[in-house]
Amino acid sequence: MGKDTIADIITAIRNADMNRKGTVRIASTNITDNIVKILLREGFIENARKHQERNKNFLVLTLRHRRNRKGLYKNTLNLKRVSRPGLRIYSNYQQIPRILGGMGIVILSTSRGIMTDQEARLGGIGGEILCYIW
């Protein structure tokens, strides 16, 4: 785990999905808990449970199971980190990008907490664009 916890969880989920793993274990922080709640609500992961080991909290995520996994591997879960510690990307609510014409989601960090692009547009608030998921 590096200094960028959001990039770490995105990379862990992406790697587990590419290697066809069913579960992935990530560190539990307030930011990761909020992002995982959004992923659960939007249906990108099946289940998340807290796990404690030697006074450290972890989240164990169960990735969405795909039935036909034979033959060529095709990504169905795509995650991309946008804003990073070296280059922060901010947007107002009118200029929040739409991913695949609204099929994907954008996760934002706003003054009212971490939320999706749809919630931010309805609330009329912008913020830092954390990642794209489609």
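Summarising the local packing, CD1 of I31 is surrounded by 12 or fewer heavy atoms from other residues, nucleotides or ligands at distances under 6.0 Å. A 6.0 Å sphere centred on CD of E42 holds more than 12 heavy atoms belonging to other residues, nucleotides or ligands. Under a cut-off of 6.0 angstrom, the local environment of CZ in R41 is crowded, with over 12 non-hydrogen atoms contributed by other residues, nucleotides or ligands. Heavy-atom neighbours of R112 CZ from other residues, nucleotides or ligands within 6.0 Å: at or below the threshold of 12.
Side-chain contact between L130 and V82 is absent, with no heavy-atom pair separated by less than 4.5 Å. Contact of the F44 side chain with the I13 side chain is not registered, since no non-hydrogen atoms from C-beta on lie closer than 4.5 Å.
Residues D117 and L108 come closest through the heavy atom pair CA-CD1, 3.7 Å. Residue T29 comes nearest to T32 through the heavy atom pair N-OG1, 2.7 Å, listed as atom of the first residue, atom of the second, then distance. Contact record, L63 with A16: CD1-CB, 3.8 Å, taken as the closest heavy-atom pair.
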### From CA spacing to verdict: salt bridge (charged side-chain N to carboxylate O under 4.0 Å, His left out), D4, R81
CA-CA 10 Å; D4 190 7; R81 177 80 158 119; 3.0 Å; yes
#### Entry: I107 and I114: CA distance, side-chain angles, deciding distance, side-chain contact (heavy atoms from CB on, under 4.5 Å) verdict
CA-CA 7 Å; I107 296 180; I114 295 177; 3.6 Å; yes
### Task
Check the pair I89 / L87 against side-chain contact (heavy atoms from CB on, under 4.5 Å), numbers first and verdict last.
CA-CA 6 Å; I89 306 293; L87 178 64; 4.0 Å; yes
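Relative to the six-membered ring of Y93, R121 misses at least one condition, a distance below 6.0 Å or an angle of at most 45° to the axis.
The closest donor-acceptor contact from the side chain of S28 to the backbone of L59 lies at 3.5 Å or more, if one exists at all.
Remark: the E128 side chain and the S83 side chain contain an N/O donor-acceptor pair separated by less than 3.5 Å.
Ionic pairing of D33 and K50 is present here: one or more N-O contacts between side-chain nitrogen and carboxylate oxygen are shorter than 4.0 angstrom.
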